[in-house]
Amino acid sequence: MVLFLAAAALGASYLFYRGIREREPPRFVGDCLACMEPVYVTPDPRYYSEAPESSTDVRLYGTQLPCPGSHIFCTPCLRTYLLERLRKALTGESIVVARCPACPGDTWRMQERVAAKVLLSDEMDDWKQQQYIDKIEKIYCPNPRCSEALQLEDDCRSIQNTACPMCKTSICVPCRTVAHKGMSCAKWQSSAKSMGGSDLALRKLAKKLQWRRCPKCRIVVERNEGCKHMTCRCGHQFCFL
């Protein structure tokens with residue numbers, strides 16, 4: 001029994017050190033596009049940053065994104081960017097729209113396997129949890145003083161009205177506006193009488209400046225530059241026509 005355990009321990013040690021020897025060594029490819037410092041690219045940048053000898057290693061490790069531009073970022077800069085996306089997710093924005101900071105528009109979206117290279121284990125758990133939350137359809141409270149994001153579960157799609165848990169505003173689920181008892185959604189949308197002054201003013205301004213509503217969450221979206229491919233804060237993509 002003792003001999004068996006010793007042999008197993010030696011085998012595990014051999015595999016461990018073999019894994020270290022076979023790990024692809026870092027190679028200098030270019031500078032980080034965020035901090036402009038030279039970066040040594042490796043498939044496992046976090047390993048080299050946390051290795052015992054890293055205290056005496058002055059090299060900066062990072063990764064080359066599998067995006068169309070093959071852009072390079074050091075681990076601290078890319079981690080800071082992803083954590084900022086996580087922070088913004090708490091305000092209602094979608095983490096799914098995290099993209100390569102150097103690619104134009106929505107050319108390439110951040111992949112989970114890339115995020116796992118730079119985020120700590122607890123941060124990666126938060127990232128995965130937010131990805132799951134992003135997949136759940138949301139509506140936003142129409143009360144301009146609230147705008148709370150409400151998750152719309154599958155069994156709630158047939159519900160006509162719901163209430164905001166924060167401000168208690170009654171919401172029409174199909175048209176994402178204040179509930180309009182006794183009036184169809186079509187009549188409500190075309191009725192100026194049923195709208196408050198601020199809502200009516202917003203619609204007039206949106207029509208004048210040619211703003212559009214997101215087809216999914218119905219929030220008003222402004223396009224100030226770039227192409228007509230839009231990504232709403234809820235993560236839905238549409239053409240700004």
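Just so you know, residue 1 is the first one in the sequence shown, and it goes up from there. Computed from a predicted model, the values in this text were never measured in an experiment.
- Annotation: the span from Glu148 atom CD to Cys164 atom SG amounts to 6.0 Å, rounded to 0.5 Å.
- The heavy-atom pair separating Trp108 from Pro66 by the smallest distance is NE1-O, 3.4 Å.
- The side-chain heavy atoms of Val173 and Gln160, taken from C-beta on, include no pair separated by under 4.5 Å.
- In this structure, Lys128 and Glu112 have side chains that are in contact, with non-hydrogen atoms separated by less than 4.5 Å.
- Contacts of Gln111 classified as side chain to side chain donor-acceptor pair (under 3.5 Å), with partners at least two apart in sequence or in another chain: Arg113.
- The two atoms that bring Cys100 and Cys67 nearest to each other are SG-SG, 3.8 Å, heavy atoms only.
- Within the 4.5 Å cutoff, the side chain of Phe73 has no heavy atoms near those of the Cys35 side chain.
- The minimum heavy-atom distance between Leu86 and Glu123, with the atom names listed, is CD1-O, 4.0 Å.
- In terms of heavy-atom proximity, Pro142 sits nearest to Thr169 at CG-CG2, 4.4 Å.
- Remark: the Arg59 side chain and the Tyr61 side chain contain an N/O donor-acceptor pair separated by less than 3.5 Å.
- Using a 4.5 Å heavy-atom threshold, the side chains of Val221 and Trp211 count as separate.
- In this view, Arg212 satisfies the side chain to side chain donor-acceptor pair (under 3.5 Å) rule with no residue, not counting sequence neighbours.
- Considering all non-hydrogen atoms of both residues, Cys172 and Asn161 come closest at CA-OD1, 3.6 Å.
- Rounded to the nearest 0.5 angstrom, Cys185 SG and His180 NE2 are separated by 4.0 Å.
- Distance CG/Leu65 to NE2/His71: 8.5 Å, rounded to 0.5 Å.
- You'll find the side chain of Ile139 reaches within 4.5 Å of the side chain of Thr162, heavy atoms only.
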- Task: Begin with the C-alpha distance, continue with both residues' side-chain angles, and end with the deciding distance and a verdict on side-chain contact (heavy atoms from CB on, under 4.5 Å) for Glu84 and Arg79.
- Result: CA-CA 9 Å; Glu84 178 63 15; Arg79 178 171 174 264; over 6 Å; no
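- Distance check, rounded to the nearest 0.5 Å: CZ of Arg85 to CH2 of Trp127 gives 7.5 Å.
- Using a 4.5 Å cut-off on side-chain heavy atoms (C-beta onward), Leu82 and Leu119 make contact.
- Taking Ile, Leu, Val, Met, Phe, Trp and Tyr as hydrophobic and joining them when side-chain heavy atoms fall under 4.5 Å apart, one finds Ile72 in a cluster with Val29, Val39, Val41.
- With contacts defined as side-chain heavy-atom distances shorter than 4.5 Å, the pair Leu150/Tyr140 does not qualify.
- Interatomic distance, CG of Leu83 versus CG of Asp126, reported as 9.0 Å (0.5 Å rounding).
- To the nearest 0.5 Å, the span separating CG on Leu60 from OG1 on Thr75 amounts to 7.0 Å.
- Across all their heavy atoms, Met110 and Tyr81 have their closest contact at CE-CE2, 4.3 Å.
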